[in-house]
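Given the structure is predicted, the values throughout are model-derived calculations rather than measurements.
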Number of protein chains: 2
Amino acid sequence: SAAVATADGSLCATDGIPIVRNISEITQDSFPIPGLSHITVAGALAHGFKEVEIWLETVAPGGGTPIHRHSCEEVFVVLKGSGTLYLASNSHLKYPGTPQEFPIFANSTFHIPVNDVHRVWNTNEHEGLHFLVVISRPPMKAFIYDDWSMPHSAAKLKFPLFWDEKCYHQAPPAKDEL
Amino acid sequence: SAAVATADGSLCATDGIPIVRNISEITQDSFPIPGLSHITVAGALAHGFKEVEIWLETVAPGGGTPIHRHSCEEVFVVLKGSGTLYLASNSHLKYPGTPQEFPIFANSTFHIPVNDVHRVWNTNEHEGLHFLVVISRPPMKAFIYDDWSMPHSAAKLKFPLFWDEKCYHQAPPAKDEL
Ligand SMILES: [Zn+2]
Ligand SMILES: [Zn+2]
């Protein structure tokens, strides 16, 4: 029942999810991104959300996200650690080009302008980088680049994302409307 | 310039906002909700976001949100403290009625089903309740109830929300599309 707090949050929900969940008890899966640990706190494919999705991620020193872009809004809140945001804003060119570098740190927030190519990296050798990610219009359709000089047209669509692969063949639950 | 990290986040942005901001340096305003301290981390009226909005709120012991409902998705992530979610799911009745009570705690997440009437309260006498709130389709149009037996039709629209009042007469910034 939705009235009971459980640790059921890692399922592919087709029948609603508990109202309250303990994030510590949500399963962290492993994915082919070295050093990245990911929890879907609130997901479209995983939990039936339609308009927002929230992730909790930890990146080990020397690790980070692929170079990628997407057309949704994306906002980060850094909870712990520090690192670097690499952001290529020249979307009018044929390829991202050399990105700008922004220091990120605990209690900072940053956003990714729609369709800008970016990567978040833990450039701190000593501690993990922990952050929350909020995206709009889930599930995310991400285009991944091998490097900053790969043409936009050659970037590869990764859909569903790694953590959504197990849920992709299940439709999200229908919701009651008032 | 958007390339410089500044503490400029509390402005009503009409010309873009810095990519990285320090949440500690964003101004907390006071509002007529006793015990509630609010920071708009990423806002529609405040910063020009169109699809998601993120708040960081702290509620003093014995304080909380008004009883209210809204048609957007809303997800909470509790960072510190504990409290109670009051949630009335009987939206088919003419008034909310006695709500269910859910314990909430640090490292828990909870969501509010669309249009369900709810209140978040710090029922812990000893420490503040700190949480992040994510909403879809900002700015929020909230309907506020005096109590749980007030008819849905009598709930009062509060728009813009208290923290958006200073930005309401300024249009959000135009965004480039790729
Ligand atoms: Zn991204
Ligand atoms: Zn609410």
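When each of B:A42, B:A106, B:S71, B:S24 is scored by its heavy-atom pairs under 4.5 Å with chain A, the top score falls to B:S24.
In the hydrophobic cluster analysis, where Ile, Leu, Val, Met, Phe, Trp and Tyr join through side-chain heavy atoms closer than 4.5 angstrom, A:W121 is grouped apart from A:I112. Residue B:Y145 is not grouped with residue B:F162 when hydrophobic side chains (ILVMFWY) are merged at heavy-atom distances under 4.5 angstrom, including chains of intermediate members. Note on B:V77: it clusters hydrophobically with B:I23, by side-chain heavy-atom contacts below 4.5 Å among ILVMFWY residues. Both A:F159 and A:F143 are members of a single hydrophobic cluster when ILVMFWY side chains are connected at heavy-atom separations under 4.5 Å. Under a hydrophobic clustering in which Ile, Leu, Val, Met, Phe, Trp and Tyr are joined whenever their side-chain heavy atoms come within less than 4.5 Å, directly or via other members, A:Y95 and A:I144 fall into different clusters.
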List the steps, then state whether side-chain contact (heavy atoms from CB on, under 4.5 Å) holds for B:I135 with A:E51. CA-CA 9 Å; B:I135 63 160; A:E51 301 172 349; over 6 Å; no
Derivation of the salt bridge (Lys or Arg N to Asp or Glu O under 4.0 Å) call for B:K50 and A:E73: CA-CA 8 Å; B:K50 293 178 174 176; A:E73 289 187 346; over 6 Å; no
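Counting only heavy atoms from C-beta outward, the side chains of A:V20 and B:I104 approach each other to under 4.5 Å. With a 4.5 Å cut-off on side-chain heavy atoms, A:I19 and B:Q100 do not count as touching.
Atoms CZ and CZ, on A:F110 and B:R21 in that order, are 11.5 Å from each other to the nearest 0.5 Å. Here the straight-line distance linking atom OG1 of A:T109 with atom CG of B:L56 works out to 10.0 Å at 0.5 Å rounding. Considering CD of A:E25 and OG of B:S108, their distance stands at 11.0 Å, rounded to 0.5 Å.
In this structure, no portion of A:V78 lies under 4.5 Å from any heavy atom of chain B. Both the backbone and the side chain of A:V52 come within less than 4.5 Å of a heavy atom in chain B. Interface remark: B:L132 contributes side-chain atoms only to the contact with chain A (heavy atom separation under 4.5 Å).
When all heavy atoms are compared, the tightest approach of A:N22 to B:N107 is OD1-O, 3.5 Å.
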